[in-house]
Amino acid sequence: MPELPEVETIRRQLEPDLCGRRFEAVEVLDPYFAKPASAGALESAASGRSVIDVGRRGKYLVFELDDGNSLVIHLRMTGSITLLAPDGTASPGDARIHAPGDPEKHLKARFTLDDGGEMLFADPRRFGRGFIAGPEALEAYFDSRLGVEPLSPDFTVEAMAAMSAGRTGPLKSFLLNQKGVAGVGNIYADEALFRAGLHPLSPGGSMKPEHHRALRDGVVEALQRGLDLGGASIDDYRDARGDTGSMQNEFLVHRREGEACPRCGEKIVRIVVGGRSTYFCPACQKRLRRRPRRLARQGGPGRS
DNA sequence: CGCGCAACCTGTCTGC
DNA sequence: TGCAGACAGGTTGCGC
């Protein structure tokens, strides 16, 4: 569920209320949450520590602690974080209320704050993870998994060209690979490709300079739109206040199979790419040829 | 190294 | 109503 816009929305809500606060108590209710480390290790490393900063890298939330270590949380598919006010105010999406059946069935971790508030992590599908890491280990962890931050100045047309060069896999898979652009998931990959006018099955390396720019811009615009709307709530997603986002009301193609393309009116099609549902407009998003056009002759404008 | 796909889990919805 | 099967925002590991 949560991709960059959703995670960033949560981060922005947590930051002002969490910075300067101390984790009075930390309870890991499901050992899966702390895997591969132990629940006890996470509890003891985080409890008693104050939060210096709340950051984000790709889809990871990073709570920087006062001892130099960081608590890192990834929501994966269905994880959610809910911040409860000191007075115990239960917001509409309160994980304990939202969960069907047993009120605490999906609650996986509880971080009690020194002002009486609570940060709750819930996750019905149990894919979400939390761990503690020192600065060097954390840098190595992210460096080995994540590429450029798409909303940073580093995400240039040149960067897009470099990371896609020579790739034979489909553009959709390329966007989902976090080592290229960090933070794009299934929703925003479809939206970005539509905005760029690119076919999800076109090979990454088939893009020409104008396509590099179009895709870079498409990714930025799709993510920024999602951020402006507080994320997309298809099913489970709620922000840290328990509210839904509204990006789902403005999907251009994602989950709109059979509906009219907002640009040309053609019916939107659903295919499966890399095991993931993929939606696009067959009229607006034409496939590119296998390889980029070569210079016609040896004597052409050379590479100086 | 790049790529495709199964696996990890649980819940919900659809079709028979 | 019951039940099998498909599908769901992500990432990792394995085989080729």
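Letters A, B, ... are given to chains in the order of the sequence lines, protein chains preceding strands, and every chain is numbered from 1.
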NZ of A/Lys59 versus C1' of C/dT12: gap in Å, rounded? 13 Å
Could you tell me which residues satisfy side-chain hydrogen bond (donor to acceptor under 3.5 Å, both in side chains) with A/Arg125, sequence neighbours excluded, listed by chain and number? none
Would you please name every residue forming a salt bridge (Lys or Arg N to Asp or Glu O under 4.0 Å) with A/Glu221, sequence neighbours left out? A/Arg195
Residues in ring-ring contact (aromatic ring centres under 6.0 Å, His included) contact with A/Tyr141, at least two apart in sequence or another chain: A/Tyr60, A/Phe131
Indicate whether OP1 or OP2 belonging to C/dT11 is found under 4.0 Å from a side-chain N or O atom of A/His74. yes
Under 4.0 Å between a side-chain N or O of A/Ser277 and OP1 or OP2 of C/dA8? yes
Please encode protein proximity along nucleotides 2-9 of chain B as a string of B, S and -, counting only heavy-atom distances under 4.0 Å. SSS---BB
Under a side-chain separation threshold of 4.5 Å, the hydrophobic residues clustered together with A/Phe194 are A/Leu252, A/Val253, A/Ile268, A/Tyr279
Of residues 249-258 of chain A, the positions that come close to DNA chain B - non-hydrogen atoms, cut-off under 4.0 Å: none
Are A/Leu151 and A/Ile187 co-members of a hydrophobic cluster defined by side-chain heavy atoms under 4.5 Å apart? yes
When rounded to whole Å, the CG to P distance for the pair A/Asp235 and C/dA6 reads 20 Å
Under the ring pair (Phe, Tyr, Trp, His ring centres under 6.0 Å) rule, what pairs show up with a residue in residues 148-180 of chain A, not counting sequence neighbours? none
Hey, quick one: are A/Val26 and A/Met119 part of the same hydrophobic cluster, counting side-chain heavy atoms closer than 4.5 Å, chains of contacts allowed? yes
How is the base pairing of DNA chain B summarised as a dot-bracket string, given the Watson-Crick and G-U wobble criteria with both distances under 3.5 Å, [ ] for crossing and | for another strand? .|||||||.|||||||
Using atom C1' in both nucleotides, what's the gap between C/dT11 and B/dT12 to the nearest angstrom? 22 Å
In whole Å, what is the span from the CG atom of A/Leu146 to the C1' atom of C/dG10? 12 Å
Co-members of the apolar cluster containing A/Val273 [side chain, <4.5 Å]: A/Leu201, A/Val269, A/Ile271, A/Phe280
Applying the 4.5 Å side-chain criterion to the ILVMFWY set and letting contacts propagate, would A/Val28 and A/Leu71 be lumped into a single cluster? yes
Does the pair A/Arg129 and A/Ile73 meet the rule for a side chain to side chain contact (heavy atoms under 4.5 Å, CB included), with working shown? CA-CA 6 Å; A/Arg129 292 287 183 275; A/Ile73 293 180; over 6 Å; no
In this structure, how many angstroms lie between the P atom of C/dT12 and the CE atom of A/Met77, rounded? 14 Å
Could you give the CG-to-P distance, from A/Asn186 to C/dT11, as a whole number of Å? 11 Å
Which pairs count as ring pair (Phe, Tyr, Trp, His ring centres under 6.0 Å) when at least one residue sits in residues 30-56 of chain A, sequence neighbours excluded? A/Phe33-A/Phe121
A/Tyr60 OH to C/dG10 P, straight-line distance once rounded to whole Å: 12 Å
Rounded off to whole Å, could you give me the CD-to-C1' distance for the A/Gln178 and C/dT12 pair? 12 Å
Shared hydrophobic cluster, A/Leu138 / A/Leu42 (ILVMFWY, side-chain heavy atoms < 4.5 Å): no
Step by step, would you call A/Cys284 with A/Glu266 a side chain to side chain contact (heavy atoms under 4.5 Å, CB included)? CA-CA 9 Å; A/Cys284 293; A/Glu266 190 74 23; over 6 Å; no
A/Ile234 has an atom CD1; how far is it from atom C1' of B/dC13, in whole Å? 15 Å
For C/dA6 and B/dA6, measure between their C1' atoms and round to the nearest Å. 16 Å
Phosphate-side-chain proximity, A/Arg276 and C/dG10, N/O vs OP1/OP2 below 4.0 Å: yes
Partners of A/Arg216 by salt bridge (Lys or Arg N to Asp or Glu O under 4.0 Å), sequence neighbours excluded? none
Tabulate atom names and distances for all N/O pairs under 3.5 angstrom spanning the protein and nucleotides 14-16 of chain C.
none

